[in-house]
Every structure is written in C-alpha cells, then in structure tokens.
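Naming convention: chains lettered A, B, ... in sequence-line order (proteins, then strands); numbering from 1 in each chain. Everything quoted here is computed from the prediction, not taken from an experiment.
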There are 2 protein chains.
Amino acid sequence: MTPSEAGTTPRERYRAQVRAEIKDRAWEQIATAGASALSLNAIAKQMGMSGPALYRYFGGRDELITELVRDAYRSLADAVRAAAAKDGPDVRVLAHALRDWALEDPQRYFLIYGTPVPGYHAPDDITAIASEIMAHLLDACAEVGGDAPEGPFDTHLAEHRDWADGHPAPPAALHRALTFWTRLHGVLSLELAGHFTGMRFDPALLFTAELDDLTGRPPAQGLC
Amino acid sequence: MTPSEAGTTPRERYRAQVRAEIKDRAWEQIATAGASALSLNAIAKQMGMSGPALYRYFGGRDELITELVRDAYRSLADAVRAAAAKDGPDVRVLAHALRDWALEDPQRYFLIYGTPVPGYHAPDDITAIASEIMAHLLDACAEVGGDAPEGPFDTHLAEHRDWADGHPAPPAALHRALTFWTRLHGVLSLELAGHFTGMRFDPALLFTAELDDLTGRPPAQGLC
DNA sequence: TAACTTGAGTGATAACCTCTAACCATGACC
DNA sequence: GGTCATGGTTAGAGGTTATCACTCAAGTTA
C-alpha cells in the first residue's frame, strides 16, 4: 500500500523485491561458505520455492555472481566516496575506510580482489566503478604534494597514465596511489585470509605501520 | 625392470606412480581452469579409468587439494632455498625467486595465497613448511642491519615474536620481513589476478620499484 | 605347486548441483 | 470476457562427489 516510488508497477516492485531477497541469501551463503559454495538450489529452497524459479530473475549462477561483484564494487565505491566527503580526500581516511569495509565482510572483499576465475572478464560498467574508486584515491594522493623522488617507474608512469583517465595528478602521485593500493591490499588480504592468525601480533598495528610509512612518517624522517 | 629405489615393493612403486599422475593431471586442470574447477571424474576419465578408482589413492577432493597445497608450499620452499643457497640470503634474490615462481604458475600461487575457504584450516606440516620459508626470509632480513627506526609496531613485535620460532633477528628485522612479505604479495597478487591489465604500465617495474623501496634505495637516500 | 590374502578397478547407487523444456495458474490490460 | 505476459511448478538431461558391493589379478605364504 505504500506508494513508495511512483511510476513503478506492483509487478516491477515485486520483482525487484524478490531479486533483492535472492541476493541477500546469496550474500549470506558467500559470507559463511565462500563464493564457490554458492548454490541456487539452496537459495530457492530457503525462499520456499523450488529450483528453476530463480532463472526467472537471473540468467544463471554466473550472472548472479556478476551482479554480486557489481554490488560489492558499488558498496566499496560508496564507502570510499562517503569517507572522502566526510573527512576530506585524505589518504589515511581512505585507508581506514577500506579496512573497515573489508573487515565488515571479508568474503565480499575477496569477491573483488581474490583469486580470479581464469576465463572471466569483468563487464565495462564494473571497471567503470573501479576507476571511480581509483579517482578518489588519486585525489587523495594528489593532495600530498611533497618531494618527488622521480624513480625509473615514475618516468615510465609519465608515459603510461591512461588508467588515470585524465586525472591531473603528477606521475609521483600516480605512483603513490599504486603503492597505496598494493601495500594496503597486501597486508589486508593476508590478514583476511588468516595467514597471520598463527603468529600472534596484531594485524591492525601492521596496517597502521604500513600506513605511517605510506604517509611519509617513519621511513624517511621518522623518530629514529 | 629398473630397480630404482630398493626396499619398495612393485605395488608401492605402482601406487606412487599413479598418485603422481593424478596430481599431474590435477595441476594441469588447476593451471587452466582454476582450483574450483578441479574434477575428479575428469581426471579419472583422462587416465582411462572410471570414477571411484581415484578414491583408492586420495580420500576425496579435499584431500587431493590439500596435497596439492602441500606440494605448492614445498615447491616454493625449494625455490626460495635454492635461490638463497645460490646467491646468498639476500632480500632481492628472494624477491625475484618469489616472483619467478609465482609467474611460472599463477594458479599455484593463488592456491597458497588466494581466497581462503572459510572452514578450512591447514594441517601442521603445511604451516611448518611455511615457517621454513619465513626462516629464509628472516635470514635475509637480518643480513641488512642498518638503522632501526623503532616504531610502535617494532616494540609490539618485540613481545610477539613467537612466529619467528627462535630466530635471533631483532624486531626491526621481523618488521622488515613482514613488510617484505605483504608488499610483494600485494603487487604480485594484484598483477596475477589481472587487475593491472586494463592500465598499461609494466607490472615488473612496479615490482622492482617496491623492491627498491624495500631495500632502502629511493625513499630515504634516493636520487631525488 | 596350490591356497590364501591383498588391493586395484568396476558398475550401481544416492545425493547433490546447474540448467532446459514443457506446462499451468494468476493477474493485468484491452 | 478474452488475450497474454509473468511467475511458478514438475520432469528431465547431464554434470559432480562419494559410498557400496563385487570381481579379478597379483603377490605371498604354506
């Protein structure tokens, strides 16, 4: 009875609602058993309907997973955008936004940055969202101007900056964005994968140590 | 007719040979289609025998995969040990040994460092091999003595060094080993997962740039 | 040499999975 | 009221892991 969004027929609303519920159940399954254990049959059974009914809503398992990947990217882009809007385009707030988002649902993180399935290639709209995230990161990295060491990779980046998509950041900022990405992903993915559980140290401290290094504190002008 | 190893009955030799062939086929499948697409049935069909015969050699799919993970760890440990024995326990030769080994079979790398399956816990002998790899890394990181910035994470590591397993490296070396691991894994895993293919830059240059940073060249006393 | 024991491989079977095909009921629209 | 798209069903093809009972050959022992 709630009119909610005008211009949508009740059929469309019902359809959207069922699609959303399917995706919710899929997320539950992924969070508990991983993406490879996702079962359309189990989802249908959970929802009280049997098997092939789901094919009215998704072309198949692959299409559902692609949709989930898209939602994951969108969710990450939202988190990054919100953090940048709230606390400014700072590299530290972006890093903590990323870490919080990753810890919130590790399997969702791995759905984006985990082991790739060899044949798969992401559709264009997904790479578009990814480049929006990268744009926010470039904004933050362009903020911190500072010294540009200008290594060989920076000169290489000066000629291979298509991925920056016209962003006016200097090559050193591009380099900084890439190392930001790879380093935080390195510690985050190993932590989420449980490779640190045996060792007893606190992964959060390693993360902030890497972040401190990234923002230029300890390695160059640290308190040594 | 070849006597090969004395003390082994022909039955045992045959069994070992079939087990090896099963694992070879499994590696082929994993390399081309990923670990999730591994099919015992397909392997059996390829070997000319039908289905349940493989259960004489492996308890099941999980046990076979665990064996492959073990072999992957052993292969990486061999590569690292060989590199350290040949060119000394240097951090750069270890890094390149790791990268070469990873590029040789990306899916093998992901079998170790990729998306984890939530319930799974590695058996003890596997973690033992992992800690042997870590020992080689600690040797290399203890070599480069140098300045110890002594950040908060280093003081934390001074009290949480059980994972070093009695290695006499100072906390700064432990820290260096961890960042070595996480940073190289960060750039390597993103490269192998294909996240750099859209952007045109050369991942090898990013890798060596990270390595240069790790060994202390550009960030502190670079050519800036 | 003959009998026995062990182990490899088989087909049948159960329980899952994805996905297609055919069919039926219900609600919207003319 | 008739037409028709839409969502649901069951049946079935073809795939998977995994277990079971069984056969048969090889190795071992008396």
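- Across residues 21-31 of chain A, not one residue has a non-hydrogen atom less than 4.0 Å from an atom of DNA chain D.
- A donor-acceptor pair under 3.5 Å is formed between the side chain of Arg161(B) and the backbone N or O of Ala169(B).
- His156(B) places a side-chain N or O within donor-acceptor distance of the main-chain N or O of Asp202(A), the cut-off being under 3.5 Å.
- The nearest whole Å value for the distance from the CZ atom in Phe58(B) to the C1' atom in dA8(C) is 15 Å.
- Salt-bridge annotation for Glu191(A) and Arg99(A): present, with a side-chain N of the basic residue lying under 4.0 Å from a carboxylate O of the acidic one.
- Between Met49(A) atom CE and dG7(D) atom C1' there is a gap of 9 Å when expressed in whole angstrom units.
- The separation between Leu64(A) atom CG and dC19(C) atom P is 10 Å, rounded to whole Å.
- Taking the six-membered ring where tryptophan is involved, the planes of Tyr113(B) and His195(A) are tilted, since the angle between them lies from 30° to 60°.
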For residues 71-80 of chain B, tabulate all N or O donor-acceptor pairs below 3.5 Å that involve a side-chain atom, not counting sequence neighbours.
unit_1, atom_1, unit_2, atom_2, d
Asp71(B), OD1, Arg74(B), NH2, 3.4
Asp71(B), OD2, Lys23(B), NZ, 2.8
Ser75(B), OG, Trp101(B), NE1, 2.7
Ser75(B), OG, Arg108(B), NH1, 3.3
Asp78(B), OD1, Arg81(B), NH1, 3.1
Asp78(B), OD1, Arg81(B), NH2, 3.3

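- A sub-4.0 Å separation between OP1 or OP2 of dA8(C) and a side-chain N or O of Tyr57(B) is absent.
- Per the geometry, CZ belonging to Arg19(A) stands 14 Å off P belonging to dT6(D), to the nearest Å.
- Ion pairing between a basic and an acidic side chain is recognised when a charged N comes within 4.0 Å of a carboxylate O; Arg19(B) and Glu12(B) show no such pairing.
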Practice item. Assign a letter to each nucleotide of nucleotides 15-20 of chain D from its 5' end: B, base within under 4.0 Å of a protein heavy atom; S, sugar-phosphate only; -, no contact. Key: -SBBB-
Distance-only criterion, 3.5 Å: show the donor-acceptor pairs between side-chain atoms of residues 37-52 of chain B and protein atoms not counting sequence neighbours.
unit_1, atom_1, unit_2, atom_2, d
Ser39(B), OG, Asn41(B), N, 3.4
Ser39(B), OG, Ala42(B), N, 3.0

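- Atom CD in Gln17(A) sits roughly 14 Å away from atom C1' in dG7(D) (whole-Å rounding).
- Shown here for Thr197(B) and Arg200(B), the closest heavy-atom pair between the two residues is O-NH1, 3.7 Å.
- Atom CD in Glu12(B) sits about 12 Å away from atom C1' in dG27(D), given to the nearest Å.
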Nucleotides 23-30 of chain C: which of its N/O atoms have a protein N/O under 3.5 Å away?
none

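- Tyr120(B) and Pro123(B) get closest at one heavy-atom pair: OH-CD, 3.5 Å.
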Check your understanding: For DNA chain D, what dot-bracket results from Watson-Crick or G-U pairs at under 3.5 Å, with [ ] for crossers and | for inter-strand partners?
Key -> ||||||||||||||||||||||||||||||
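- Relative orientation of the Phe196(B) and Phe201(B) rings is tilted, given thresholds of 30° and 60° on the angle between their planes.
- In this model, no donor atom of one side chain and acceptor atom of the other lie less than 3.5 Å apart for Thr182(A) and Arg183(B).
- Between the CD1 atom of Ile65(A) and the P atom of dC17(C) there is a distance of 14 Å, given to the nearest Å.
- Between His167(B) and Asp139(B), the side chains place a donor N or O and an acceptor N or O closer than 3.5 Å (distance only, hydrogens not considered).
- Put simply, the side chain of Thr115(B) gets close to the backbone of Thr115(A): a donor and an acceptor are under 3.5 Å apart.
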